[in-house]
Trainee: 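Let me give you the structure first, and then I'll get to my questions.
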There are 2 protein chains.
Amino acid sequence: MTQQLGTPRRRDALSNRAAILRAAAAAFSERGRAVDVREIARCAGVGMGTLYRHFPSKDALIETLLAESYARWVEQARRSTRDRTSAWEALESFITDALTFQRRDRAVLENLAAATTDAAGLSVCRRLLRPLVEELVAAAHAERALRPGVRADDVLAVLAALGRLVELDAPADAVHRCLRIVLSGLRNGDGLEP
Amino acid sequence: MTQQLGTPRRRDALSNRAAILRAAAAAFSERGRAVDVREIARCAGVGMGTLYRHFPSKDALIETLLAESYARWVEQARRSTRDRTSAWEALESFITDALTFQRRDRAVLENLAAATTDAAGLSVCRRLLRPLVEELVAAAHAERALRPGVRADDVLAVLAALGRLVELDAPADAVHRCLRIVLSGLRNGDGLEP
DNA sequence: GACAAAGGGGAGCAGCTGTTCCGGTGTGGG
DNA sequence: CCCACACCGGAACAGCTGCTCCCCTTTGTC
């Protein structure tokens with residue numbers, strides 16, 4: 001993906017590929033998939049032909065960046081989650097951070113939503129995230145901190161739902177208020193209707 | 001909106017207008033704003049010129065239908081909300097019904113989300129809904145059934161967030177699970193962190 | 001029943017999108 | 001230093017969109 005061993009590429013080809021990835025990362029993370037490929041080529045200082053020789057399609061380019069973004073997110077989440085005093089606190093901080101991550105990268109935001117329901121191949125990315133969520137949910141249940149019956153899919157769905165508010169550019173405090181509501185709904189309160 | 005007193009329209013004009021509204025309502029409520037105007041004209045058995053003489057733009061056509069949809073929704077919600085034993089039950093049933101309404105009408109779903117944050121003119125429609133939500137929230141607060149600090153805007157934001165799951169065609173039971181989580185988060189549980 | 005004028009139809013325009021094609025250019029091995 | 005070939009740029013294509021234009025038809029009045 002980063003280099004080809006059998007056929008060493010030319011220097012300009014490699015630097016162009018890097019420029020494309022840099023420009024695409026900036027554009028997609030700021031405005032999502034809707035960005036015009038022409039703009040990416042222009043920002044990278046490159047022609048359309050160059051872009052399309054390095055990546056067979058716009059989707060392939062997005063997917064490459066998406067894989068990196070998810071990997072970065074999951075790694076960071078694993079790190080900041082490890083040293084929490086309780087499993088509940090870990091889950092809480094994961095969900096909170098997920099929102100700031102979605103705000104920072106609109107492509108991830110859109111993909112996370114799509115992957116929540118679509119069984120399509122996009123889930124290649126989600127498969128990096130899901131195991132982590134399953135761990136966090138299981139640990140929180142072991143602690144009896146989570147409302148009985150809550151599953152990993154519910155947490156992912158909640159992430160997609162709250163992501164909608166981020167996508168709509170809702171003010172940060174409005175998103176935070178909804179986050180509090182959802183978090184308190186996830187917390188085990190015991191004495192509620194079935 | 002339905003008739004012009006000063007200038008009595010021709011019979012064919014009126015029936016065409018009705019056919020356009022009928023076809024547009026069916027298409028937009030099923031698939032949202034993304035529907036091609038050509039398809040609406042075709043389904044109405046009408047040409048493009050006809051469509052655009054009756055409505056200055058696609059947006060105007062959507063807005064006309066949206067106003068009707070919101071009015072119908074609010075009226076129905078007011079009716080089914082009136083005879084509830086508690087204010088909490090009323091709010092709960094309103095939010096639940098809101099989801100089935102958004103599932104039935106994708107144009108409303110999309111507009112509700114947009115209106116939640118945009119201060120744009122689209123809010124003409126939301127202005128029908130907001131007073132009702134404010135009433136329900138105030139009544140629930142008077143009953144001490146709502147988590148302290150929850151405002152009408154929070155409920156509207158929650159509606160938009162859950163609507164996202166409907167938009168993604170999430171299975172009905174997945175949406176219902178998130179609904180339960182959110183509802184229990186809205187309910188006053190007293191002993192939670194600030 | 002005739003004749004303005006309101007109304008209708010749909011091809012065509014302008015603008016956007018992702019993608020392809022091909023003549024020219026720069027690289028780097030010999 | 002030279003030349004083949006990987007590589008580059010961007011004009012052009014195909015397909016979609018909302019919308020307009022203009023010639024023809026229908027309506028209802030006198």
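None of the values given here were measured: they were computed from a predicted structure. Convention: sequence-line order gives letters A, B, ...; per-chain numbering from 1.
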Trainee: Output yes when Arg151(B) and Glu134(B) qualify as a salt bridge under the 4.0 Å nitrogen-oxygen rule, no when they do not.
Mentor: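 Between Glu134(B) and Arg151(B) there is no salt bridge, as every charged N stays at least 4.0 Å from the carboxylate O atoms.
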Trainee: Rounded to the nearest Å, what distance is computed from the CD1 atom of residue Ile20(B) to the P atom of nucleotide dG9(C)?
Mentor: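 Going from Ile20(B) (CD1) to dG9(C) (P), I get 9 Å.
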Trainee: Can we say Arg130(A) and Asp153(A) salt-bridge, meaning some charged N sits less than 4.0 Å from an Asp/Glu carboxylate O?
Mentor: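 Result for this pair is yes, salt bridge flagged.
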Trainee: Take Asp12(B) and Gly49(B), find for each the nucleotide of DNA chain D with the closest heavy atom, and name the residue whose nucleotide sits nearer the 5' end.
Mentor: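 Mapping each residue to its closest nucleotide by heavy atoms, the 5'-most match is Gly49(B).
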Trainee: If I take atom CZ in residue Arg53(B) and atom P in nucleotide dG10(C), what distance separates them, rounded to the nearest angstrom?
Mentor: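 Atom-to-atom, Arg53(B) to dG10(C), this comes out as 14 Å.
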Trainee: Ignoring backbone atoms, establish whether Arg11(A) has a side-chain N or O less than 4.0 Å from OP1 or OP2 of dG28(C).
Mentor: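 Checking Arg11(A) against dG28(C): at least one side-chain N or O falls below 4.0 Å of OP1 or OP2.
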Trainee: Can you see if the side chain of His54(A) gets near the phosphate of dC8(D) - specifically, an N or O under 4.0 Å from OP1 or OP2?
Mentor: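 Answer is yes, contact under 4.0 Å.
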Trainee: Quickly work out the Leu61(B) CG to dC19(D) P distance and round it to whole Å.
Mentor: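 In whole Å, dC19(D) P lies 10 Å from Leu61(B) CG.
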Trainee: Can you tell me how far P of dG8(C) sits from CZ of Arg17(B), to the nearest Å?
Mentor: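 About 12 Å, once rounded to whole Å.
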Trainee: Kindly indicate whether the side chain of Arg38(B) and the base of dG18(D) share any N or O donor-acceptor pair separated by less than 3.5 Å?
Mentor: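 Such a pair is found, so the answer is yes.
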Trainee: OP1, OP2 of dC19(D) versus side-chain N and O of Tyr52(B): anything below 4.0 Å?
Mentor: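 Result: yes.
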Trainee: Begin from the C-alpha positions of Arg104(B) and Phe101(B) and carry the test side chain to side chain contact (heavy atoms under 4.5 Å, CB included) through to its verdict.
Mentor: CA-CA 5 Å; Arg104(B) 191 153 39 213; Phe101(B) 207 93; 4.2 Å; yes
Trainee: Name the closest nucleotide to the Val37(B) side chain, picking from dT19(C), dG9(D), dG18(D).
Mentor: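 It is dG18(D).
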Trainee: I'd like to know if Arg31(A) and Glu39(A) make a salt bridge, using a cut-off of under 4.0 Å between side-chain N and carboxylate O.
Mentor: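 Salt bridge between Arg31(A) and Glu39(A), a charged N being under 4.0 Å from a carboxylate O: yes.
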Trainee: Given dG28(D), is OP1 or OP2 found less than 4.0 Å from the side-chain N or O atoms of Arg10(B)?
Mentor: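 Checking dG28(D) against Arg10(B), no side-chain N or O comes under 4.0 Å of OP1 or OP2.
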Trainee: Expressed as a whole number of angstroms, how long is the span from Lys58(B):NZ to dC16(C):C1'?
Mentor: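 To the nearest whole Å, that distance equals 14 Å.
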Trainee: Check the distance between dC19(D)'s P and Arg33(B)'s CZ and give it to me in whole angstrom.
Mentor: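 Going from CZ in Arg33(B) over to P in dC19(D) covers 10 Å.
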Trainee: Tell me whether Arg187(A) is salt-bridged to Glu92(A), with the criterion being a basic N under 4.0 Å from an acidic carboxylate O.
Mentor: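 Looking at Arg187(A) and Glu92(A), the cut-off is not met.
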Trainee: How close or far is atom P of dC19(D) from atom CG of Asp36(B), stated in whole angstroms?
Mentor: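 Roughly 11 Å, once rounded to whole Å.
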Trainee: Within this structure, what is the CD1-to-P distance between Ile40(B) and dT17(D), rounded to whole angstrom?
Mentor: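 One finds 11 Å between P of dT17(D) and CD1 of Ile40(B), rounded.
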Trainee: So, is Asn16(B) close to the dG8(C) phosphate, meaning a side-chain N or O under 4.0 Å from OP1 or OP2?
Mentor: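 So the side chain of Asn16(B) is within the cut-off, an N or O lying under 4.0 Å from OP1 or OP2 of dG8(C).
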Trainee: Among the nucleotides dG10(C), dG18(D), dC7(D), which one has an atom lying closest to any side-chain atom of Met48(B)?
Mentor: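 Taking heavy atoms from C-beta onward, the closest nucleotide is dG10(C).
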Trainee: Less than 4.0 angstrom between a side-chain N/O of Thr50(A) and OP1 or OP2 of dC7(D), yes or no?
Mentor: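 Result: no.
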